[in-house]
Q: 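Quick one: the structure is below, and I'll ask about it shortly.
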Amino acid sequence: MQYVESPERQSWMISEVSTVPGVRHVIVFSSDGLLLACSEGIDRDSADRLSANCSGLQSLGRSLGRDFGEEDGAVNQQMVDFRGGYLFMRSAAGTHLAAVTGPVVDPGLVAQRMQAQILRIAAVRPGGGPPPRRNA
């Protein structure tokens with residue numbers, strides 16, 4: 001796994017979602033759980049933990065999809081309702097977008113913005129692999 005420096009500077013990956021009222025944190029992560037971008041207000045350790053947890057949920061969803069869905073069981077979206085808030089996830093082309101919200105949020109607006117954002121990310125990062133390496 002490659003460590004991505006300054007994921008908080010990739011604001012174009014989260015800008016559509018981070019401004020929705022009630023959204024607390026937004027991250028983007030690769031299919032192997034690598035944190036690619038995070039919103040301001042979440043420290044690196046918390047963002048890495050959120051990315052790892054969301055990657056685990058993606059894995060569980062894919063397993064369910066393979067057992068009970070069609071083809072490869074790809075997971076397009078997930079939502080977790082927990083005491084004090086929600087977790088929303090959208091996926092496209094190997095890249096995943098997750099938003100943690102408070103208890104009062106418009107889920108339709110979050111879903112709409114996440115769809116637009118993940119399509120924008122997928123257009124720039126087809127295949128969703130790790131970010132390209134920079135020359136030293």
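Quick caveat: nothing in here was measured; it's all calculated off a predicted structure. We use all heavy atoms of the structure for the numbers below, so side chains are in, but hydrogens, waters and symmetry mates are not.
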Q: With a 4.5 Å cut-off on side-chain heavy atoms, are R44 and L35 touching?
A: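 L35 vs R44: side chains touch.
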
Q: So M89 and L57, do their side chains get closer than 4.5 Å, heavy atoms only?
A: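 Touching, per the 4.5 Å side-chain cut-off.
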
Q: Identify, with sequence neighbours excluded, every residue that meets side chain to side chain contact (heavy atoms under 4.5 Å, CB included) alongside F68.
A: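 Residues passing side chain to side chain contact (heavy atoms under 4.5 Å, CB included) with F68: L64.
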
Q: Distance from S18 atom OG to I27 atom CD1, nearest 0.5 Å?
A: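 Separation between the atoms: 13.5 Å.
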
Q: Quick check: do S15 and Q117 have side-chain heavy atoms less than 4.5 Å from each other?
A: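 Side-chain contact under 4.5 Å: yes.
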
Q: Can you see which heavy atom on I118 is nearest to which on S91, and at what distance?
A: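 Reported closest heavy-atom pair: CG1-C, 3.9 Å.
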
Q: Testing the basics here: between A99 and V23, what is the closest heavy-atom pair and its distance to 0.1 Å?
A: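 Heavy atoms only, the tightest pair is CB-CG1, 4.5 Å.
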
Q: Quick test of your reading: applying ring-ring contact (aromatic ring centres under 6.0 Å, His included), list the pairs with at least one residue in residues 92-113, sequence neighbours left out, ordered by first then second residue.
A: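 Of all non-adjacent pairs touching residues 92-113, those that pass ring-ring contact (aromatic ring centres under 6.0 Å, His included) are F29-H96.
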
Q: Verify, without hydrogens or angle tests, whether S51 (side chain) and G33 (backbone) share a donor-acceptor contact under 3.5 angstrom.
A: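 Side chain of S51 to backbone of G33: a pair is present.
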
Q: Write down the atom of L109, the atom of P21, and the distance for their closest heavy-atom approach.
A: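 Looking at all heavy atoms of both residues, the shortest contact is CD2-CD, 4.4 Å.
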
Q: Less than 4.0 Å between a side-chain N and a carboxylate O, is that true for R49 and D45?
A: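 Judged by the 4.0 Å cut-off on N to carboxylate O distance, D45 and R49 do not form a salt bridge.
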
Q: Is V75 isolated, or which residues cluster with it under the ILVMFWY side-chain rule of less than 4.5 Å, directly or via members?
A: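 Direct or chained contacts put V75 with none.
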
Q: Would you say the side chain of C38 lies within less than 4.5 Å of the side chain of V26, judging by non-hydrogen atoms?
A: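 Contact flag for V26/C38 side chains = no.
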
Q: Which residues satisfy the side-chain hydrogen bond (donor to acceptor under 3.5 Å, both in side chains) test with R66, sequence neighbours excluded?
A: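 By the side-chain hydrogen bond (donor to acceptor under 3.5 Å, both in side chains) rule, R66 matches no residue at all.
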
Q: Just so I know, are the side chains of V20 and D106 near enough to count as touching, which here means a heavy-atom distance under 4.5 Å?
A: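 The answer is no, as the side chains (C-beta and beyond) never meet within the 4.5 Å cut-off.
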
Q: Looking only at non-hydrogen atoms, find the nearest pair between A116 and E16 and report the distance.
A: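 Nearest heavy atoms, A116 then E16: CB-OE1, 4.2 Å.
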
Q: For W12 and V124, what are the C-alpha separation, side-chain angles and deciding distance, and is it a side chain to side chain contact (heavy atoms under 4.5 Å, CB included)?
A: CA-CA 11 Å; W12 71 270; V124 174; 3.8 Å; yes

Q: Report the residues that fulfil side-chain hydrogen bond (donor to acceptor under 3.5 Å, both in side chains) with S63, sequence neighbours left out, ordered by chain and then residue number.
A: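 In terms of side-chain hydrogen bond (donor to acceptor under 3.5 Å, both in side chains), with neighbours along the sequence ignored, S63 is linked to no residue.
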
Q: Looking at L87 and F82, what are the two nearest heavy atoms and their distance?
A: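 The answer is N-CE2, 3.6 Å.
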
Q: Nearest 0.5 Å please: distance from the CG atom of D48 over to the CD1 atom of I42.
A: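 Taking CG in D48 and CD1 in I42, the distance rounds to 9.0 Å.
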
Q: For the side chain of E70 and the backbone of G65, is there at least one donor-acceptor N/O pair under 3.5 Å apart?
A: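 No; judged by distance alone, with no hydrogens or angles, the pair does not exist.
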
Q: Applying side-chain hydrogen bond (donor to acceptor under 3.5 Å, both in side chains), name anything that partners D43, two or more places apart in sequence or on another chain.
A: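 Only S46 meet the side-chain hydrogen bond (donor to acceptor under 3.5 Å, both in side chains) criterion with D43.
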
Q: What's the separation between atom CE in M13 and atom OG1 in T95, rounded to the nearest 0.5 Å?
A: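 Answer rounded to 0.5 Å: 6.5 Å.
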
Q: Taking side-chain hydrogen bond (donor to acceptor under 3.5 Å, both in side chains) as the cut-off, I'd like each qualifying pair that reaches into residues 77-86, sequence neighbours left out, listed once.
A: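 side-chain hydrogen bond (donor to acceptor under 3.5 Å, both in side chains) check on residues 77-86 returns Q58-Q78, Q77-R90.
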
Q: State the OG-CG distance between S55 and L34, to the nearest 0.5 angstrom.
A: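 Answer rounded to 0.5 Å: 10.0 Å.
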
